[in-house]
Structure formats: C-alpha cells, structure tokens
Amino acid sequence: MRNILALARRILQQFAHDKRTIVMFIVGPVLILWLFSVLLNAGTYHPSLALVNLPRELREALVDEDAVCVEYSDSAVALELLRDGKVDAVLTLKNGVLTIQVEGSDPSKTGSVVSTVSAAVKAAGAAQREQIQADIEKKLSDLKDKLPFLDDIVIDVQPLVSDIDVTYLHGNDNWGTFDFFGPVFIGIFIFIFVFITSGMSLVTERTGGTMERLLVTPIKPAQLVSGFCLGFGVVTIIQATIVLAACVFLIGFPNEGSLALVVLVAFSMALVSLTLGLVVSAVAKTPFQVIQFMLLLVIPQVLLSGIFDLGNAPMWMQVLSKCFPISYGAEALRDIMLRGAGLAETGLNIAVLWGFIVVFFALATISFHRRKTR
Amino acid sequence: MLTKTCDSSETPVAPVLAHIEQVHKRFGKQEVLKGIDLSLPAGQITGLLGPSGCGKTTIVNMIVGTYAPTSGTVTVLDERAPLKAARVGMGFMPQSEALYNDLTANENLRFFGSLYGMSRRELDEAIPHVLEQVRLADEGRKVVNAFSGGMKRRLSLAIALLHSPRLLILDEPTIGLDPKHRLELWKTFRSLAENGSALLITTHVMDEAACCDTIIMVQDGRIIAQGSSEELMAQTATATLEDAFLAFDKAAEGKEAAHA
C-alpha cells in the first residue's frame, strides 16, 4: 500500500509542477465541448430557392417557411444559378407536378430543401382546402336560400390529418441536435484526454530511463499499475467534476438526472480509458506508437458509440459496438442526462464499465509483469 | 554461501554479497553472455572493464534482476533470482539519467526512498545526509530540469545510496563528470567499501578501473581476465592497464582460434 501511495503521490507532484498540463486538462475538453454546442445548436438551415412561375399561394407559403426565394420566368436562367451554387434548388410546377431540381452534393441541404418545400406545399394545400370549404359553404347557402328543402344538407371536407402536434416524454421542442449528442461527447472527450495521459505514462518512464530504476525496486507490477490508477484517478475525478459542472452550468447541457451520478459514470469511463492506456503503455515503445494505438483503439469506439444511429448498420457492427466500453458509458450518460434515469436504470451499464476496468487492469499488470524480467 | 571466498586465494575471507555462476544470456540467436562467473565480496570495489557492447550492462541487468539468465544461476544477498526480498538491500545507478526531470531533487529521493520501504522519519534524516555525500546539499529544492549533467549524475547516485544498501551496482557512474567530482565520487565509493558494502562499477575508462580492488575484463560476452591492476599488468608484463587489456584480448582471440 505504501508503494501505491508513493507512486500516486509522485504523479500528483508531477501534475502540480506542470501547470500547462493542468490547464489543458480542464480547458481542453470544456473548450471543445463548447465549440460543439455552438456548432450543433446553430439552428436550422434556410434553403435559398429559385422559383420558376410558381402560383402566388405556394410562393407565399415558401416565404412563410423561411425559405429565401427568387423568382424567374425562365428556367434556363434559374438552372444557371443552381450550377453556380447561388441557389440550393429550382422549383417548377407543370400539370400539378412540382419539380424540385436540387444541387445534390450536400445531403443535409437537399434534406432541408425537401422538408421546407413539403411543409410549404402542405400549408398551401391546407389554405386551399379551407378556401374550397368556404366556397362550397357559400354556394350551398346560396342554394338553400333558393331551394328551402336543401336545408338538412351539410358538406364538410376534412382531411385525414389536419395538424401535427408533438408532445415530449423527455425534453422539449427547444432541444437541439447538440443536446442529444452532448452527453456522448462528454464521455468521448474525457476518454480521449485520459487515454493520452495514461498511454504516455509508462512510455515516458521507459524513454526517460526511470523505468529501469523502478524495475529494480521492490515494487510489484500490480502495485505499479494500482499506483498509476490511484494517481491519475484523483486527477481524473477532479477533471471530470469540473468539466461536467462547466458543461451543465456554463455551456447549458441538458441534465435531467443527478450530477453526482453523471460524475460517477464519467469517472468510470475515465478509469476504463486509464487502464486501457496503461495496457497500451506497457506494449508501446515510443510516444508515436501510443498515438497509433489511440487511432486504432479509440476512434472506432468513438464512431460506434452512439454518435451515429446503428439501427441500420450491419449486425456485426452492432455486435462490435457492444464490445466497446465507450458505448456503455455513452448510453448511461444519455439515460441520465436526457431521460433522468437513476442508479437503478443505469446500474447495469456502470457495472459493465467496471468489468472493463478489471479486465484492463489485469491485462496491464500481466503485460507489465512480462516486461519486468526478460 | 556467505563464507565463500573470493576467487583469488590471497584475498582475505569476506562474505560474498552477489554471486553469478555459468551465466549465459541469449537474445534470439545472439548470445550476449557466454558463461560468466563472478562474485562480489563485501568491502571491495569490483570493476567491470571492457569496450561498449561487450556485455557489461547485460551482466549488471542480470545482477539487479531485470534480465533473467538463459542458463546459469544468479544469487544476490543469499536469494536466488528471481529476486524479491534482496531488492531492498541493493542500490542501483543505471547508465541513463533515470530521474523525474519535472520533480525536485528531494521529491525524486523521497519517491524512490519510499519504494524501498523508508518511513518519513528515515527519509527526513537520510536525504540531507546523502545530498551532502554527493555535494548537492543546497540543491534539494531545485527542479531537476535546472540541473547540469554532472549534478544529475550525482543525484542519480544519491538515489542509489539513499536506503544504505549493502550491495551497490553502478553502471558507468562517472560518465560525463569533471575530474574534480570524479575524484570525490571515488573517495565516496572507497569509504562505502570500507564500511562493508560491496560495489560493482562498470567503466570503460582504464585509469578509473585502476582504483578498483578487483578488475574483471570483459570482451565479447566472456571474462578474459580477473585480478588487481598490479596482478593483471604483471601477468602480461605491461606497464598500463590498457596494454594489459589488449594483451588479454589477443590471448583470448588466440584461444578461440585454436578451439575453432
């Protein structure tokens, strides 16, 4: 135990001497998460459209949907604008068929054009239906004045769906894209920052020669790995708490659940990353190899962690994502921060994270033990 | 084991603190050590002399326990390798700096001292003493980054001495030191030996080797000669250790050629 404490203490002393790393450890994730929040909450895109001889009603409906509209009588001129990238789409109406000619290279712009136009068409259609209903009622009442026996007849045109109303089990209609991704990003960034630090730890011991001296002391491999976990663990829990508090109170991340539980999950993820980093550090020979390992071991986890919906991905990829610790942490964070889940609902995910910690701890100890005597 | 005498029968009976017997070490196809026997008796400075790449550092790694022998036995402080308890009684100064440059000298000493089981009180007493010993008395609070190369070497030695080990393994301890500090360190080594420690010092500097009680000449993974500097020069009828080394080297090559 004394050995573990001595090692943890040394790591904390090294941090205390290294002000720049302390600042980077806190400011780095907070800054990046803030940038993401600004970027993803930037609001919806308003497409710019070239309209070729569209009826007034449709034109007004498009303007009501916040589309930027320019009118042309010649479709050739409008297509020229599309080619030059001045507009996102050209709309023409012929025989009741509305043609949307899009530029097409950016799927998000195409999607925005289509959804804006359909909303406008729907609104214009509703207005037209009300107009028709009013016209019919007007004509019917005229007829009723002349032919009293028609008094019982009522004509009412009702569409299948007249309006859509969205209600929320969790969250509200103010939640943007970022609110959904935010909790996952918190987990990912803490994971990456901790991985780099712990991944480098044993490598710098080796390149600095201190490993040679450490190996000669009576310290055992398990004590060495424990000491690193304890030292970096203290740093990590401070980092996780500050970063999370900044996210929730300053940047405005949604948090429906308890902050303490969020810190617990973030800390568990950090320990997974820490122990995985130690495994890598025991295997890698140079800092460069640590970065390569990070690309190999962390980036796929990030991609499959829930940033992208895996519902349509091939089965093997869904299984793969279940083999990655980040997936469990991200799911727990989402459950707590977006759905207000408690320990009972997230307990399993947290338990899986601790399973990973135990496995990586053992692997780090074994790989270190094998290095110890050659 | 403790009563085993040194190889040469003239030397007085002293306990042997480390002993390696018929040690071979192979890395893949390359045989780095080809049957090494040596003993480190208490109260003596043993010098391991040879060109770089001859196997000196491998022998050192064998004794401190970072390499396991391919065959043969290593016994340190009455414990046969792999070492456990014996590690506490051994001080090691590696060839590289092996310091935490972002910590102060005191913090470096405290950390390694704790790993050797020293209590806070023991450390408070031992650290000023050992810093005095290596002439760094006023530098304890300074961050190692600010140290000169020579100061770092001396701090590295201080770490090896801190827990008062009976067996000291020093891999090129005086490399990069100016003559004045080198002389002072050799005085320290001598006084440690006089207090009953066993020292193994590797070097490739011939006049430094002359300060050792026993010189072991290593070439190509083999011991080619062993004895005091006077004995070695007398055996080869040479005036300097350097000439003696070359003579032994030539003789060893001749033997090998005869075998082949």
Side-chain angles (χ1 to χ4, degrees), chain A residues 1-25 197 200-228 230-232 235 282 285-287 368-374, chain B residues 25-27 57-58 60-70 74 76 81-104 106-120 123 143-145 152 156 159-160 162-163 165 169 171:
Chain A
M1 195 60 205
R2 278 177 51 91
N3 286 348
I4 300 173
L5 287 177
L7 189 55
R9 188 185 141 122
R10 192 211 83 209
I11 289 167
L12 293 178
Q13 281 171 340
Q14 284 181 304
F15 263 99
H17 281 289
D18 188 1
K19 306 279 185 294
R20 192 176 299 174
T21 299
I22 296 178
V23 171
M24 281 313 296
F25 236 57
T197 324
M200 293 294 180
S201 61
L202 289 174
V203 174
T204 47
E205 297 264 5
R206 198 166 298 132
T207 51
T210 47
M211 180 59 81
E212 225 179 315
R213 211 192 276 275
L214 269 181
L215 290 179
V216 171
T217 71
I219 197 167
K220 295 185 183 73
Q223 291 176 333
L224 198 99
V225 177
S226 306
F228 272 105
L230 184 63
F232 285 124
V235 174
K285 290 196 175 69
T286 61
F368 192 74
H369 198 85
R370 289 180 51 170
R371 292 218 136 232
K372 197 171 163 157
T373 355
R374 280 171 289 170
Chain B
K25 182 63 179 175
R26 209 182 269 282
F27 290 108
T57 298
T58 312
V60 164
N61 280 321
M62 219 46 95
I63 297 172
V64 299
T66 45
Y67 286 169
T70 311
V74 177
V76 174
L83 305 177
K84 288 201 164 67
R87 292 179 182 274
V88 184
M90 188 167 53
F92 173 49
M93 178 179 175
Q95 209 175 98
S96 59
E97 266 167 26
L99 302 167
Y100 296 103
N101 283 315
D102 42 1
L103 296 183
T104 65
N106 280 338
E107 286 167 341
N108 269 285
L109 286 163
R110 245 168 217 288
F111 171 60
F112 283 108
S114 316
L115 293 189
Y116 281 101
M118 295 176 80
S119 70
R120 184 185 289 250
L123 286 167
V143 174
V144 175
N145 254 334
K152 286 181 182 174
S156 178
I159 294 173
L162 182 63
H163 58 291
I169 313 292
D171 200 355

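Naming convention: chains lettered A, B, ... in sequence-line order (proteins, then strands); numbering from 1 in each chain. All of these numbers come straight from a predicted model, not from anything done at the bench.
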- [ ] Evaluate side chain to side chain contact (heavy atoms under 4.5 Å, CB included) for B:Thr66 paired with A:Val216, printing each intermediate quantity in order.
- [x] CA-CA 7 Å; B:Thr66 45; A:Val216 171; 4.0 Å; yes

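When each of B:Val64, B:Ile169, B:Leu115 is scored by its heavy-atom pairs under 4.5 Å with chain A, the top score falls to B:Leu115. Among B:Ala85, B:Pro94, B:Ser96, the residue with the largest count of heavy-atom pairs under 4.5 Å with chain A is B:Pro94. In terms of heavy-atom pairs under 4.5 Å with chain A, the best-connected choice from B:Gly91, B:Gly113, B:Ser156 is B:Ser156.
Between B:His163 and B:Tyr116, the angle of the ring planes stays under 30°, which puts this pair in the parallel group of the 30/60° scheme. In this pair, B:Tyr100 and B:Phe112 present their aromatic rings parallel. The plane angle is below 30°, not in the 30 to 60° band.
Heavy-atom distances place the backbone of B:Met118, and not its side chain, under 4.5 Å from chain A. For a residue to count as touching a neighbouring chain, one of its non-hydrogen atoms must lie under 4.5 Å from one of that chain's; by this rule A:Leu7 touches chain B with backbone and side chain alike. Using a 4.5 Å cut-off between heavy atoms, A:Glu205 touches chain B through its side chain atoms alone. Proximity to chain B (any heavy atom under 4.5 Å) is shown, for A:Asp18, by neither the backbone nor the side chain.
Between B:Phe111 and A:Leu214 the shortest side-chain heavy-atom distance falls below 4.5 Å.
The backbone N or O of B:Leu99 sits nowhere less than 3.5 Å from a side-chain atom of B:Lys152 that would complete a donor-acceptor pair.
Among A:Arg213, A:Glu212, A:Met211, the single residue meeting the side chain to side chain contact (heavy atoms under 4.5 Å, CB included) criterion with A:Leu215 is A:Met211.
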